[in-house]
Every structure is written in C-alpha cells, then in structure tokens.
Amino acid sequence: MRPATFNASTRLFLSCPQRIPPSIVALRHALPVLARRANSTTADEQTLNQSAGLLDSLIGSSSSLDLSTSSLPDILSSPTPPTQTSTPDASQMLIPPASDPLLHFLASSLLNHGKRARAERIVTRTLLYIQPLTRAPPLPILRHALITASPAVKCISQKRSGKNVVRPAALTEKQRIRAGINAVLAASKNKSGKRVEERLAREIIAVVNGDSKAIADKELAHKQAMVNRGNALVK
C-alpha cells in the first residue's frame, strides 16, 4: 500500500467514532505529553494538575497515583491484583450446620400425616421468628429452651394391693428431649399468633425467660418424684 493511501486510511480510521472510543484517542494524544513531562525535572504544578485531570477522565480516579514521584512505566503498568484474604472461621460466622440432630428431632415431633417437608418448614420459620424477637442466634436459644424444659424423671402409676403406687423412673437423654419438646408444644397452644411457628417461637422465648408452663410441669414432676422416691425400687 502506498504511503498516501495508508495515511488517508489511518485518518479515516481514527476519525470514525464507531471504531475507536474517544478515550483511546485522547490517551493516544496524551501519551507523548506524559512521556515528556514524566521525565522532566522542571514540571510545574499546573502541568501535574492537568495530567491528573486527564487521567481522571480516562481511568476514573488518580488519587492513588503520585505524579511527582511516579514515572510513566509505573503509571501505565497494570495494577497489582488484590491479595486474597484468609477465609473466616466457620465457628465465628454463627451459621447453623446443614443438618442438626436437634432440629431433625423437633421436625419429627411436628410431623403430621408423613408431611416432613411441612414440619421442616415450621422449624425453619420458628428460627426466623426467634432471631428478630431476640436479636441473637436462634439455634443456641432453641437448644437451651428444650434442655431447660426437659425433665430428668417421670412418674409411673402402678396398682398394687388395691391401691395406686407412684414410682419414679429416670429418663434417658432421648426420652428427656422428647418430653421437653412435647411440653413446649403443648404450652405453645396457649400463646398468641396465627401460625404454629410464631406460637412456638414465643413459647421458646418464654422458656428461656423462665415464665413458661413447661417449666412448671417439669418442677411438678420432680417434686412428685421426690415425694415418692421410696417406691423407686418397687417393680
């Protein structure tokens, strides 16, 4: 291609706004100026301000660039990638585990007609109700409430020699949690709220505060077992 034709094609290519963005054209004309000014030791304040304004219009902000001490290769070099921060510990993020045995046990107690998905939704919404009411992680509150409402013994009534004999018996860990869940569910029916999860959340908070009927039933069972402790060995 002849030089005249090449120069005409170059001018036509540079004058076409659809081919090259205006910022690239401005950067093309500004590079020689920046190259001369960056290596000059007599650059005045006005030139530095103009260069900073031009860089602001081209690449956004030049607040992190020091034009008085940086050279042209430093300015035009690609920015260094940010260092990857360490992943925070999962125990500090207060995220419940994917599957918790207590939540699974609570969902099994709420299970009705085999609809486990519905029971799990009730458990999830109960946690969602507890969080705004207490502004605290809901899972430790639920765990503390169920353990607090769980009795350690139960009283079995037996008929011997024509009279009823009350015999206390110790409960296993699973039996204790089952009795505590049943007591909380029974007491939640008297709470205000249209949904089961809302009433259950209010009852769990009441157990933590110590003003729940489930705690009164637990203390009554312990007193009855203490009164009839002499019949513990009777079979």
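Computed over heavy atoms, backbone and side chain alike; hydrogens, waters and symmetry mates excluded.
Looking at heavy atoms from C-beta onward, N231 lies out of side-chain contact with Q158 at the 4.5 angstrom threshold. Using a 4.5 Å heavy-atom cutoff, the side chains of L139 and L102 are not in contact.
Counting all heavy atoms, side chain and backbone alike, S150 lies closest to G180 at OG-CA, 3.7 Å. In this structure, R176 and L171 approach most closely via the heavy-atom pair CG-CB, 3.7 Å. Between D211 and A206 the shortest heavy-atom distance is OD1-O, 2.8 Å. Residues C155 and A221 come closest through the heavy atom pair SG-O, 3.9 Å.
With sequence neighbours excluded, no residue forms a salt bridge (charged side-chain N to carboxylate O under 4.0 Å, His left out) with R118.
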Legend entry - Pair V208-T148, side chain to side chain contact (heavy atoms under 4.5 Å, CB included): steps then yes or no: CA-CA 8 Å; V208 174; T148 303; over 6 Å; no

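Within the structure, the salt bridge (Lys or Arg N to Asp or Glu O under 4.0 Å) test picks out the following pairs touching residues 212-224 (sequence neighbours left out): K213-D217. Listed by first and then second residue, the side chain to side chain donor-acceptor pair (under 3.5 Å) pairs involving residues 181-200 are E198-R202 (not counting sequence neighbours). For residues 126-139, no residue pair satisfies the side chain to side chain donor-acceptor pair (under 3.5 Å) rule, not counting sequence neighbours.
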Distance-only donor-acceptor pairs under 3.5 Å for side chains of residues 106-113, two or more places apart:
residue	atom	partner	partner atom	Å
S108	OG	H104	O	3.0
S108	OG	R116	NH2	2.8
S109	OG	F105	O	3.1
S109	OG	R178	NH1	2.9

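Formation of a donor-acceptor pair under 3.5 Å by the H222 side chain with backbone atoms of A152 is found in this model. A side-chain donor-acceptor contact under 3.5 Å links R229 to the backbone of M226.
One distance of note links OG of S212 with CD1 of I205; it measures 11.5 Å at 0.5 Å rounding. A distance of 9.5 Å separates CD1 in I141 from CD1 in I204, rounded to the nearest 0.5 Å.
Residues L142 and V196 are members of one and the same hydrophobic cluster, defined by side-chain heavy-atom contacts under 4.5 angstrom among Ile, Leu, Val, Met, Phe, Trp and Tyr. Note on L146 and V153: separate hydrophobic clusters, where clusters join Ile, Leu, Val, Met, Phe, Trp and Tyr whose side-chain heavy atoms are under 4.5 Å apart, directly or indirectly. By the criterion of side-chain heavy atoms lying less than 4.5 angstrom apart, applied directly or through intervening Ile, Leu, Val, Met, Phe, Trp or Tyr residues, L200 is grouped together with I177 in one hydrophobic cluster.
The hydrophobic cluster containing V166, built from Ile/Leu/Val/Met/Phe/Trp/Tyr side-chain heavy atoms closer than 4.5 Å, comprises no other residue.
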